[in-house]
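One structure is given here, and the rest of the page talks about it.
Just so it is clear, the model here is predicted, and its values are computed rather than measured. Sequence lines set the chain letters: A, B, ... in the order given, protein chains first and strands last, and positions in each chain run from 1.
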There are 2 protein chains.
Amino acid sequence: MYQIKSRIWIEGDKGVFLGEGRIKILKAIELEGSLSKAAKSLGMSYKKAWNLVDSINKNASIPVVITNTGGSGGGGTKITEYGLKMISAFENINKNCWDFLDQQLKELQL
Amino acid sequence: MYQIKSRIWIEGDKGVFLGEGRIKILKAIELEGSLSKAAKSLGMSYKKAWNLVDSINKNASIPVVITNTGGSGGGGTKITEYGLKMISAFENINKNCWDFLDQQLKELQL
DNA sequence: GGGCGTTGTTTCCTGCAAGATATAACGAAA
DNA sequence: TTTCGTTATATCTTGCAGGAAACAACGCCC
């Protein structure tokens, strides 16, 4: 009858590091191999996608994405090993949080 | 170095029932005894405050606020016993959630 | 009945987030 | 050195959420 929902995100010194939207674009990049294709596949403007990735880079202590501009095929963007770890870590925490909140709500019997 | 943050909210059939903003206005109403004064005390427009309270009423199974229009002093808005319980329940869950997430992040050592 | 200070509602206006558009820079390969 | 598709960045435009303001309705009290 009542449902509890949540959004979580991780901040660094210079703003948001990871959140649901950033995870989404990272996964699309992993799939597509380029930021522009990833944005297109999500129906998102390139600018918005770039801003998300930019904020990730600004706050990451270890590189999450490697961008290559120029070259054959124009370049591209890859997710690092560390980035892949961060994605699964975030999704894991997020799921745990949902479970935790459902449990909390159930205990209350509103 | 990294900080994890969250927002939680509770939804009913017709939209959001409780969230951080709604809790804030409810507490201000409890303090001021009227919606218009509560809005003013928070620097919030009356319309926004009214919309928040309206959505609470639309989704509450048991009344959270009692409004009186007209009368000496023009009327006012009061929080019910149930409303007070909901406020503390929400704040309690919210705090538990923060603690839980801090713990989750610590376990990861990003 | 008139005055008062609320709640409830409509209309208008505006600032800003977000999209659309344009363009420079890049570097490998032919 | 020309081509190509990308990253990176600036500028312009626009939709709409949210504020401002105005006003009706209400009911107690004098």
Does the distance from a Lys or Arg side-chain N to an Asp or Glu carboxylate O, for [X] and [Y], drop under 4.0 Å?
{"X": "B:Asp99", "Y": "B:Lys95", "result": "yes"}
{"X": "A:Lys27", "Y": "A:Glu91", "result": "yes"}
{"X": "B:Asp102", "Y": "B:Lys106", "result": "no"}

Quiz item: Under the 3.5 angstrom rule, does the side chain of A:Thr69 hit a backbone N or O of A:Gly75 as a donor-acceptor pair?
Solution: no
Quiz item: DNA chain D: A:Thr67 or A:Gly70, which has the more 5' nearest nucleotide?
Solution: A:Gly70
Whole Å only: how far is the [atom1] atom of [X] from the [atom2] atom of [N]?
{"X": "B:Asp54", "N": "C:dT9", "atom1": "CG", "atom2": "P", "result": "8 Å"}
{"X": "A:Tyr46", "N": "D:dG5", "atom1": "OH", "atom2": "P", "result": "15 Å"}
{"X": "A:Leu35", "N": "D:dT9", "atom1": "CG", "atom2": "P", "result": "12 Å"}
{"X": "B:Ile29", "N": "C:dT6", "atom1": "CD1", "atom2": "C1'", "result": "13 Å"}
{"X": "B:Lys40", "N": "C:dT7", "atom1": "NZ", "atom2": "P", "result": "11 Å"}
{"X": "A:Lys78", "N": "D:dT6", "atom1": "NZ", "atom2": "P", "result": "11 Å"}
{"X": "A:Trp50", "N": "C:dA17", "atom1": "CH2", "atom2": "P", "result": "17 Å"}
{"X": "B:Glu32", "N": "C:dT6", "atom1": "CD", "atom2": "C1'", "result": "14 Å"}

Among [options], the one nearest [X] by side-chain distance:
{"X": "B:Lys48", "options": "D:dA8, D:dG19, C:dA29", "answer": "D:dG19"}
{"X": "A:Lys47", "options": "D:dT7, C:dT7, C:dA20", "answer": "C:dA20"}
{"X": "B:Thr69", "options": "D:dT6, D:dA20, C:dT7", "answer": "C:dT7"}
{"X": "A:Lys37", "options": "C:dG8, C:dA20, D:dT6", "answer": "D:dT6"}

With a 4.0 Å cutoff (strictly under), does any side-chain N or O of [X] reach OP1 or OP2 of [N]?
{"X": "B:Ser36", "N": "C:dT7", "value": "yes"}
{"X": "A:Ser72", "N": "C:dA28", "value": "no"}
{"X": "B:Ser34", "N": "C:dG5", "value": "no"}

Exercise. Show your working on side-chain hydrogen bond (donor to acceptor under 3.5 Å, both in side chains) between A:Asn59 and A:Glu11 and close with a plain yes or no.
Key: CA-CA 8 Å; A:Asn59 286 286; A:Glu11 293 191 8; over 6 Å; no
